[in-house]
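The structure under discussion appears below in the form of structure tokens.
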Amino acid sequence: MASRRAPVKSARRQRPGVFAGGASGTLTGMEFLAQKQIVLGVSGGIAAYKSAELVRLLKGAAARVRVVMTPAAREFVGARTFQALSGEPVWCEWGDDRTAMEHIELARWADRVLVAPATADTLARLAQGRADDLLAAVCLASERPLAVAPAMNQAMWRNPATVDNVGLLRRRGVEVWGPAEGEQACGEVGPGRMLEPAELVRRLSDSFSRGALAGVRVLVSAGPTREPVDPVRYLSNRSSGKMGYAVAAAAREAGAAVTLVSGPVALEPPPGVRVLRVETAAAMLEAVQAQLAEGCDIYIGAAAVADYRPAAPAADKIKKKAEAMQLALEPVTDILATVARSEPRPFCVGFAAETGDLMAWAQRKRMSKGVELIAANPVDGGRGFDHDDNELLLVWEGGSKRLERTSKTRLARQLVDEIAVRYADATTSQGNHAEHSA
Ligand code: C5P
């Protein structure tokens, strides 16, 4: 039966921007760089001074960095600066003994080669496949991914010669990062500024991620909510948040920009994930809606949100009395269903803790909430909550899949892999639909 949900609107619209700052101190977006070996090529432009900061950030992310400078680069920054920051020798030109084959050794050592800044001349020489200085030779000898961060005067960037060179490099699989637009050292305004070091580091880091959700903005809710009865008491549930946190970590591993809206839990924020802490269901709804307004491609509702809350929480502590007391409860807004009805809406994934016929309940819940995917887990006899392992039945329109009992970390990775496949299907069919109706 066809679902009546609105089509997924958001595809990979733009690079996520959640890495540059945020609510949690763990927000780095650089966690894939640890122990990675980066050859940083620096060519001769004024932006070379920013490459010093680039080396500092890469070292801060526990990467190893070897800097190769072109002769022109040394007109702008001294080799000693890079040597001090990288803690490695700096290569400027061929050694006296060319049989040392420094270019081959550096090319083999590198997991990635990044040329930043890449001047118009360097791009031209890379496009020609030249090997007449050490940096060009390393780029030619490297079998690892090569990225360039162009930096030059705007007219040089727009010149057809540069446009052709960049097009040729792109066709050969070279990643061209930037340039940004703005005021230039020469006083002109336009495209040609090197991307900021933090952005280059984030892109390098992302290039090492598992990648199925690279560039996708994922919002996860996790943990319980607390609904106040009075200033010292609340209604809550046994959710530990472990599954939601594992899902957020797995989505980040898959390259997504992840924001986690978390109820009160005793868990460390996953590396590289932005965490927004809330207590009540109302605060969770507000935080989720604020994130949707910023842009979100996939929403994963893993929180155990209260279904009811005290209708009138007392301002003062309720005093104990001998007789029984009644607590009036009112229903809480369903966050997942609200997100699924929003416009534009993300691809929506819900969780369902069920007893009895899991498949039937999961199908019903998927339809009633209007979401693409439900991950249902059995909770008969206390299974599921506050345990380190779990099992899931995934249900989507026209299909289902069982994920066997395993650790929540492994299960979350399998779930994220499945979400990535379904999300890609949804965005592709959306794209096809647009083409056919165009
Ligand atoms: O209706 P039920 O609570 O069983 O549905 C569970 C799913 O709905 C979970 O994904 C949960 O995060 C979400 N939910 C919600 N807001 C509520 C109640 C549940 O988003 N008020």
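Given the structure is predicted, the values throughout are model-derived calculations rather than measurements. Atoms within each ligand, like the ligands themselves, are counted from 1 in listed order.
The shortest separation from a heavy atom of A303 to ligand 1 is under 4.0 Å, placing the residue in contact. Residue contact annotation: I300 has no non-hydrogen atom under 4.0 Å from ligand 1. In this structure, A306 is part of the shell of residues with a heavy atom less than 4.0 angstrom from ligand 1. Under the 4.0 angstrom criterion for non-hydrogen atoms, K365 is in contact with ligand 1.
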- Stepwise side chain to side chain contact (heavy atoms under 4.5 Å, CB included) test for I419 and D417: CA-CA 6 Å; I419 290 172; D417 286 347; over 6 Å; no
- Item | Trace of the side chain to side chain contact (heavy atoms under 4.5 Å, CB included) decision for V265 with Y245 | CA-CA 10 Å; V265 296; Y245 273 58; 3.3 Å; yes
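Residue E330 qualifies as enclosed at atom CD: its count of foreign heavy atoms under 6.0 Å is above 12.
The cationic group of R66 does not satisfy the cation-pi geometry with W91, failing either the under 6.0 Å distance to the six-membered ring centre or the 45° limit from the ring axis. Annotation: cation-pi pair R422/F347 absent, no NZ/CZ under 6.0 Å from the ring centroid and within 45° of its normal.
The protein heavy atom nearest to atom 3 (O) of ligand 1 is D307 OD1, 3.8 Å. Counting only heavy atoms of the protein, atom 21 (N) of ligand 1 lies nearest to T333 O, 3.1 Å. At the shortest separation from atom 17 (C) of ligand 1 among protein heavy atoms lies V305 CB, 3.4 Å. Atom 13 (C) of ligand 1 has its closest protein heavy atom at L336 CB, 3.8 Å. Remark: minimum distance from atom 16 (N) of ligand 1 to any protein heavy atom is reached at I335 N, 2.9 Å. In terms of protein heavy atoms, atom 10 (O) of ligand 1 is closest to G301 O, 2.5 Å. Residue, atom and distance of the protein heavy atom nearest to atom 7 (C) of ligand 1 are F351 O, 2.9 Å.
Between E354, K369, M284, it is K369 that holds the heavy atom closest to atom 1 (O) of ligand 1.
When only modelled atom types and interatomic distance are considered, T280 and R309 share no side-chain donor-acceptor pair under 3.5 Å.
A salt bridge links K365 with E354; the closest basic N to acidic carboxylate O contact falls under 4.0 Å.
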Could you pull out every donor-acceptor pair under 3.5 Å between side chains of residues 48-63 and any protein atom, sequence neighbours left out?
residue, atom, partner, partner atom, Å
K50, NZ, E196, OE2, 3.1
S51, OG, A48, O, 3.4
S51, OG, A116, O, 2.7
E53, OE1, R56, NE, 3.0
E53, OE1, R56, NH2, 3.4
E53, OE2, R56, NH2, 3.0
K59, NZ, S86, O, 3.2

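For ligand 1, the polar-atom distance check against G350 finds no nitrogen or oxygen pair separated by under 3.5 Å.
Of the residues listed (V349, V371, V288), the one engaging Y299 in a side-chain contact (heavy atoms from CB on, under 4.5 Å) is V288, and it is the only one.
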